[in-house]
Protein chains: 2
Amino acid sequence: MTRRPRRPTMVDVAREAGVALRTVSRVVNDDATVGAELAERVRAAIAALDYRPDERARHLRLGVTGTLGAAVRQLSHVNPVLRAVERAARAAGLMVLAASTEDDEVLERHVVESMCRRRFDGIILEPIGEDHGYLLPELAAGLSLVAVDRPVLGLDVDCVISDNVAGIRTAFAHLVAHGHDRVAYIGDDERIYTAHERATAFRACAAAHGGPVDAMVHTGRIEPGRITSAVRAALAGPAPATAIVTGNASISVEVLRRLGADSRKVAIVGFDDSELATLLRPDLTVVAQDDTAIGGTAIDLLRARIADPARPVSRVTVPVELVRRGSGELPPIS
Amino acid sequence: MTRRPRRPTMVDVAREAGVALRTVSRVVNDDATVGAELAERVRAAIAALDYRPDERARHLRLGVTGTLGAAVRQLSHVNPVLRAVERAARAAGLMVLAASTEDDEVLERHVVESMCRRRFDGIILEPIGEDHGYLLPELAAGLSLVAVDRPVLGLDVDCVISDNVAGIRTAFAHLVAHGHDRVAYIGDDERIYTAHERATAFRACAAAHGGPVDAMVHTGRIEPGRITSAVRAALAGPAPATAIVTGNASISVEVLRRLGADSRKVAIVGFDDSELATLLRPDLTVVAQDDTAIGGTAIDLLRARIADPARPVSRVTVPVELVRRGSGELPPIS
DNA sequence: CTGGACTGAGATAACGTTATCCCGAAGGTA
DNA sequence: TACCTTCGGGATAACGTTATCTCAGTCCAG
């Protein structure tokens with residue numbers, strides 16, 4: 001008795017049913033050209049042997065795998081876009097298999113190359129880092145890739161991104177409309193593309209509105225100490241900010257953590273919606289991304305790219321929406 | 001010119017280098033039995049053609065894919081166990097590819113069967129629902145599977161689960177030690193195995209401690225209305241609870257949302273740690289699962305199962321830990 | 001010198017599918 | 001009856017790897 005029993009193959013089924021290999025294949029693929037009686041015999045043999053087709057062989061022969069890869073920063077983090085991607089792909093009859101890049105350039109490369117070697121039909125990537133040169137030969141060899149959330153720097157690749165500039169503008173204008181004159185921005189490390197784009201947009205708003213710019217913008221890595229000092233700096237001095245715009249959901253959490261009970265005294269508009277937004281009093285006003293649209297568009301672009309590798313590259317910008325919940329409507333207290 | 005250029009294969013490399021196919025394979029696999037000069041020529045050809053091995057063919061030939069599947073409830077939810085699984089697998093040189101089951105039995109089956117047809121070496125599953133009969137033929141055919149978080153009901157399958165009973169006991173004892181006599185439990189739908197196990201453990205604690213049991217236990221689906229009435233019921237009446245144990249992280253959030261400012265008046269111990277736990281005042285005392293141990297053990301079990309399909313099934317229980325943060329140390333207020 | 005052990009590299013057969021051909025039987029018409 | 005078409009179904013060749021042989025050489029002992 002062998003330890004791991006060899007799985008039955010089409011040959012086994014064919015022998016069991018007393019037909020040719022090709023006929024089994026026909027039955028499995030619902031080919032109409034096989035007689036009813038034979039088809040029944042084949043199906044019986046399949047059931048008897050508990051035959052399961054081997055997709056590896058199928059994919060090898062077909063050339064196509066019906067599988068999309070998703071290389072995201074952290075699988076185990078909240079990622080509504082990934083959920084939308086899965087759903088859209090499922091609706092299109094494609095399977096999405098995901099892996100984490102853990103914000104590590106080396107790991108990202110490893111993951112993407114693994115997916116390429118496995119000949120996934122296409123890849124959805126949340127790109128990290130600056131150097132994506134390793135993608136060049138893969139793209140040349142026919143890899144279909146769509147970047148999400150950020151573009152692939154230096155490469156002409158399809159991507160779908162939120163309208164960060166409009167989001168920041170909306171947040172800023174909203175606070176100004178509620179009487180705020182001194183608005184601070186606390187954001188993530190500007191080496192991250194999205195963070196940089198948002199910070200830059202904020203600087204432009206602040207400059208256009210008049211008043212100090214650099215003194216109101218605090219960006220850098222998400223570390224407890226940095227956030228604490230950023231909050232302190234924003235709210236201190238002779239002309240403290242009366243409102244804060246935060247650069248993403250994690251920053252919002254950290255800022256709220258620092259503010260504690262003081263969060264009622266300063267107006268806040270956060271970028272990115274999150275579960276916590278409705279946990280606090282007042283609830284958090286946010287600039288929400290349209291996750292469903294982003295995920296759906298990503299799958300659309302990827303399918304189009306797979307269907308026609310020569311089609312022109314498209315970079316889609318998805319609108320964002322201001323969700324008023326109270327924290328952004330507080331009046332200035334000085 | 002063809003639209004999608006055929007990727008170069010080993011045959012192409014062999015022709016380019018003027019060697020036999022087998023020699024290319026040897027070079028790719030770092031076989032020492034190939035002369036330095038030839039190896040160099042082959043490597044040059046590989047670089048010139050931008051050759052990338054096709055894992056599909058490799059896996060088909062080898063019989064093994066070096067790939068583990070993870071079928072989890074929601075990819076895009078916080079899931080520290082999944083992260084630990086990925087890391088442990090990576091350390092073992094295996095790739096983890098994950099997909100969501102979305103708490104849908106039909107989808108779970110679809111995902112697992114897809115992974116089986118792709119001949120993944122093994123699968124980590126967060127089982128949902130009651131009927132996992134579809135797994136039987138797969139297991140018989142040699143599928144290696146490890147269940148995480150909950151067992152596969154009715155099937156004798158490896159699994160690794162947190163010590164829910166000990167966790168509830170610890171939480172209960174902790175509150176009693178801080179002077180609480182009337183402790184309520186608000187938990188998830190008991191059709192979910194984990195929820196049922198925790199609720200049952202709580203009932204046992206309450207019964208052992210004396211006093212009402214059923215009146216203190218509120219379980220059901222996570223819906224705003226239900227949580228609201230559960231909280232109200234727990235804190236109302238002639239003998240209101242002075243402390244609450246919550247059944248999981250989502251319940252904790254919802255309960256805290258309902259309590260609002262009142263959260264300072266009732267002691268709370270939550271099951272599952274989460275990011276929000278340190279957002280509020282006082283911070284949330286929780287029974288934390290050892291995610292790293294769970295994920296690591298799951299991979300260990302899976303690898304052992306793959307190596308020896310005949311080994312006895314093991315069901316591992318991982319200890320939990322009480323993390324004191326303030327909310328569980330509040331004195332009773334009546 | 002010659003025979004055997006060793007060594008590097010080439011033919012070739014798998015792995016489990018699908019697709020291309022081809023053939024034999026049935027049916028219809030001249 | 002002979003011929004042409006139709007159609008179900010069987011050989012067999014891919015798909016791109018790896019593994020098992022086999023076989024020329026080279027080197028050294030007898």
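In what follows, chains are A, B, ... by sequence order, proteins preceding strands, each numbered from 1. The model shown is predicted, which means the values in this text are computed figures rather than measured ones.
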Practice task
Mind calculating the distance between CZ (A/Arg22) and P (D/dA14) to the nearest angstrom?
Solution key: 16 Å

Practice task
Identify whether any heavy atom of B/Arg58 sits under 4.0 Å from a base atom; if not, whether one sits that close to sugar-phosphate; answer base, sugar-phosphate or nothing.
Solution key: sugar-phosphate

Problem - Electrostatic pair A/Glu102-B/Arg87, nearest N-O below 4.0 angstrom - result: yes

Problem - Donor + acceptor pair across side chains of A/Glu108, A/Tyr134 (<3.5 Å) - result: yes

Exercise for the section: Classify the side-chain pair B/His132/B/Glu105 by whether it contains a donor and acceptor separated by less than 3.5 Å. Expected result: no

Handout entry: Whole-Å gap separating P (D/dG16) and CG (B/Leu62)
Key = 17 Å

Practice task
Ignoring hydrogens and angles, answer whether the base of C/dA19 and the side-chain atoms of A/Arg61 contain a donor-acceptor pair closer than 3.5 Å.
Solution key: no

Exercise for the section: Let me know, please, whether A/Arg119 or A/Val34 comes out on the 5' side of the other along DNA chain D by nearest nucleotide. Expected result: A/Val34

Practice task
Pick base, sugar-phosphate or nothing for B/Thr33, based on heavy-atom distances below 4.0 Å to the nucleic acid.
Solution key: sugar-phosphate

Problem - Phosphate-side-chain proximity, B/Thr23 and C/dG10, N/O vs OP1/OP2 below 4.0 Å - result: yes

Handout entry: Side chain of B/Leu60 (C-beta onward), nearest among C/dG16, D/dG10, C/dA11
Key = C/dG16

Practice task
Assign each of A/Ala36 and B/Pro53 to its nearest nucleotide of DNA chain D by heavy atoms, then name whichever residue's nucleotide is nearer the 5' end.
Solution key: A/Ala36

Practice task
Grab the CG-C1' distance between A/Asp31 and C/dT20 for me, whole Å please.
Solution key: 13 Å

Exercise for the section: Whole angstrom is fine here: how far is it from CD in A/Glu40 over to C1' in D/dG8? Expected result: 17 Å

Problem - B/Met10 CE to C/dC15 C1', straight-line distance once rounded to whole Å - result: 15 Å

Exercise for the section: Classify the nucleic acid contact of B/Arg26 as base, sugar-phosphate or nothing, counting any heavy atom under 4.0 Å across all strands shown. Expected result: base

Exercise for the section: Among D/dG10, D/dT17, C/dG16, find the nucleotide with the atom closest to the side chain of A/Ala57. Expected result: C/dG16

Problem - side-chain N/O A/Ser25 vs C/dT18 OP1/OP2, d < 4.0 Å - result: yes

Completion exercise
Taken to the nearest whole Å, CZ/A/Arg56 to P/C/dT17 is 9 Å

Handout entry: Carboxylate-amine/guanidinium proximity below 4.0 Å for B/Glu55 and A/Arg118
Key = no

Handout entry: Pair B/Gln74, B/Ser76: side-chain N/O donor-acceptor within cut-off below 3.5 Å
Key = yes

Exercise for the section: Report the distance from atom CZ of B/Arg117 to atom C1' of C/dT17, rounded to the nearest whole Å. Expected result: 14 Å

Problem - Atom-pair distance (CG on A/Leu21; C1' on D/dG9), nearest Å - result: 12 Å

